[in-house]
Amino acid sequence: MPELPEVEVVRRGLHQHVAGRVVAEVEVLHPRAVRRHLPGGADFAARLVGRRFEAARRRGKYLWLDLDGGTEAVLAHLGMSGQMLVQPVGAPDETHLRVRFRFADGGPELRFVDQRTFGGLALTDLVPSAGTLVPEPVAHIALDPLDPAYDPDAAVTALRRRRTEIKRALLDQTLVSGIGNIYADEALWRVGLHGARATSGLPLAKAHALLSAATEVMTEALGFGGTSFDAMYVNVNGESGYFDRSLNVYGQEGRPCPRCGAAIRRDPFMNRSSFTCPSCQPRPRGD
């Protein structure tokens, strides 16, 4: 799943290429792409014609396009393989093209492409949350570390109050949003913590260091265009990020730890995997 840096890369591209443009036509080419818009594809398309995209915004891993009027937005769920692509008019259709937006200025189209159709688009109301307006399905999501209003002290307090394992807490989008499996593993490695350690006994300074590490690694990944493990994770121009070349533990099973040389370990975790250094990040006693 794309995480904060990958979604932010897409948001920046959308803001550059789509903000301020008026929708002339919407084609819904697969009904699953708008399944979260309960009135259906025809309603989704009709209600967007003549509307102007004001800005591309994001909270955590959630991405949306604000509409003129200030009360509605198009919320985009990228899922596992969703792509928002800006393509010249007349460019060949992608094999898995699901929704096409044409604009009144006759310029490049916006296309939603999704091979696995786990993602989708929906027209949704905007509601107040943490001092700003966000799509209603996003209102319960916490601020992410790159948000100007993010409060590290409040995030640390919420993290230490939760009775769970540290990695599970990092992935809880109601505590801190935007951190996924990749950047959780990288942040934990940077501060020498195992994800199975309990949040309740985590020292205050260590909790601050962990969230700072998560912020740092996501900021670095953003500078590289995000992490792309296959051709599905791309920006609006179809280009892949390359932070995967800088990963220290995630996906590095069997390779030497860059810090101590021990072989990186992979363990199952919530139907996914966790990657750790057994020397730098020893498991909690009794685990």
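Remember, predicted model here, so these are calculated numbers, not experimental data.
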For Ser273 and Arg266, does a side-chain donor sit closer than 3.5 Å to a side-chain acceptor?
-> yes
4.5 Å side-chain heavy-atom contact, Asp147 and Arg58 | no
Let me see the working for Ile264 and Cys277 under side-chain contact (heavy atoms from CB on, under 4.5 Å), right down to the final yes or no.
-> CA-CA 5 Å; Ile264 298 299; Cys277 170; 4.1 Å; yes
State plainly whether one hydrophobic cluster holds both Leu143 and Leu170, where clusters connect Ile, Leu, Val, Met, Phe, Trp and Tyr through side-chain heavy atoms under 4.5 angstrom apart.
-> no
Determine, using the 4.5 Å side-chain heavy-atom cutoff (strictly less than), whether Leu67 and Leu133 are members of one ILVMFWY cluster.
-> no
Verify the distance criterion only: is there a donor paired with an acceptor across the side chains of Ser279 and Arg259 at less than 3.5 Å?
-> no
Would a 4.5 Å heavy-atom cut-off, applied to side chains only, mark Leu78 and Met84 as touching?
-> yes
Do Leu146 and Thr215 come close enough that some side-chain heavy atom pair is under 4.5 Å?
-> yes
Distance-minimising heavy-atom pair for Val134 and Ser129 | CG2-CB, 3.6 Å
Salt bridge Arg102-Glu27, side-chain N to carboxylate O under 4.0 Å = yes
Charged N-O contact under 4.0 Å between Glu165 and Arg197 | no
For residues Val86 and Arg111, determine if any side-chain heavy atom of one lies less than 4.5 Å from a side-chain heavy atom of the other.
-> no
With side-chain contact (heavy atoms from CB on, under 4.5 Å) as the test, would you mind laying out the steps for Leu126 and Asp66 before giving the verdict?
-> CA-CA 9 Å; Leu126 294 172; Asp66 280 346; 3.8 Å; yes
Closest contact, heavy atoms only, Arg100 versus Leu97 | NH2-CD2, 3.7 Å
Output yes when Asp172 and Arg168 qualify as a salt bridge under the 4.0 Å nitrogen-oxygen rule, no when they do not.
-> no
Without swapping roles, check the side chain of Ser177 against the backbone of Ile141 for a donor-acceptor pair under 3.5 Å.
-> no
CG-CG distance between Asp43 and Leu123, expressed to the nearest 0.5 angstrom = 7.5 Å
Are Leu193 and Ile182 connected in a single hydrophobic cluster, I mean Ile/Leu/Val/Met/Phe/Trp/Tyr linked by side-chain heavy atoms less than 4.5 Å apart?
-> yes
Is there a donor-acceptor contact under 3.5 Å linking the side chains of Glu94 and Gln87?
-> yes
Before accepting this row, confirm whether a basic side-chain N of the pair Arg255/Glu253 lies closer than 4.0 Å to the acidic partner's carboxylate O.
-> no
Nearest non-hydrogen partners of Glu3 and Ile179, listed with the distance = OE1-C, 4.1 Å
Salt bridge Asp68-Arg51, side-chain N to carboxylate O under 4.0 Å = yes
Considering all heavy atoms, the nearest Val34-Val99 contact | CG1-CG2, 4.3 Å
Option among Thr124, Asp125, Val74 that satisfies the side chain to side chain contact (heavy atoms under 4.5 Å, CB included) test with Pro135 = Thr124
Step by step, work out the salt bridge (charged side-chain N to carboxylate O under 4.0 Å, His left out) result for Arg12 and Glu8.
-> CA-CA 6 Å; Arg12 292 180 180 183; Glu8 174 61 13; 2.8 Å; yes
Interatomic spacing from NE2 in His96 to CZ in Arg116 - rounded to 0.5 Å | 10.0 Å
Phe275: partners by ring pair (Phe, Tyr, Trp, His ring centres under 6.0 Å), with sequence neighbours left out | Tyr250
Distance-only, no hydrogens or angles: does the Arg35 side chain make a donor-acceptor pair with backbone N or O of Arg32 under 3.5 Å?
-> yes
Kindly say whether Gly70 contributes a backbone atom to a donor-acceptor pair with the side chain of Glu72 at under 3.5 angstrom?
-> no
State plainly whether one hydrophobic cluster holds both Leu159 and Trp189, where clusters connect Ile, Leu, Val, Met, Phe, Trp and Tyr through side-chain heavy atoms under 4.5 angstrom apart.
-> yes
Is it true that Phe269 and Leu188 fall in one hydrophobic cluster, defined by side-chain heavy atoms closer than 4.5 Å?
-> no
Can you tell if the side chain of Leu121 reaches within under 4.5 Å of the side chain of Phe101, non-hydrogen atoms only?
-> yes
Measure from the side-chain N and O atoms of His15 to the backbone N and O of Ala56, and report whether any donor-acceptor pair falls under 3.5 Å.
-> yes
Look at Glu6 together with Lys61 and state whether they make a salt bridge at an N to O cut-off of under 4.0 Å.
-> no
Using a strict cut-off of less than 4.0 Å between a Lys/Arg side-chain nitrogen and an Asp/Glu carboxylate oxygen, indicate whether Asp267 and Arg265 qualify as a salt bridge.
-> yes
Within 45 degrees of the axis of the six-membered ring of Phe112 and under 6.0 Å from its centre: does Arg98 put its NZ or CZ there?
-> no
Could you grab the distance from atom OG1 of Thr164 to atom CG of Leu171, nearest 0.5 Å is fine?
-> 9.5 Å
Between His77, Arg11, Arg57, which is the residue that forms a side chain to side chain contact (heavy atoms under 4.5 Å, CB included) with Trp64?
-> Arg57
Hey, what do you get for CG (Leu85) to NE2 (His17), rounding to the nearest 0.5 Å?
-> 11.0 Å
Can you check whether Ala19's main-chain N or O pairs, donor with acceptor, with Glu54's side chain at less than 3.5 Å?
-> no
Side chain of His194, backbone of Ala196: donor and acceptor closer than 3.5 Å?
-> yes
Closest non-hydrogen contact found for Arg160 with Leu202 is NE-O, 2.8 Å
Main-chain N/O of Gly178 paired to Gln173 side chain as donor or acceptor, under 3.5 Å | yes
Report yes if the side chains of Val23 and Phe53 come closer than 4.5 Å at any heavy-atom pair, otherwise no.
-> yes
Would Arg21 and Asp105 satisfy side-chain contact (heavy atoms from CB on, under 4.5 Å), going step by step from the backbone distance to the final call?
-> CA-CA 7 Å; Arg21 302 178 69 192; Asp105 59 17; 2.8 Å; yes
Leu110/Leu14 under side-chain contact (heavy atoms from CB on, under 4.5 Å): CA gap, chis, key distance, verdict = CA-CA 9 Å; Leu110 174 62; Leu14 287 175; 3.5 Å; yes
Where is the tightest heavy-atom contact between Thr117 and Ser81, given as atom of each residue plus distance?
-> N-OG, 4.4 Å
Do the side chains of Val89 and Pro108 get nearer than 4.5 Å, heavy atoms only?
-> no
Could you tell me whether the side chains of Ser274 and Lys167 share a donor-acceptor contact shorter than 3.5 Å?
-> yes
4.5 Å side-chain heavy-atom contact, Leu4 and Tyr183 = no
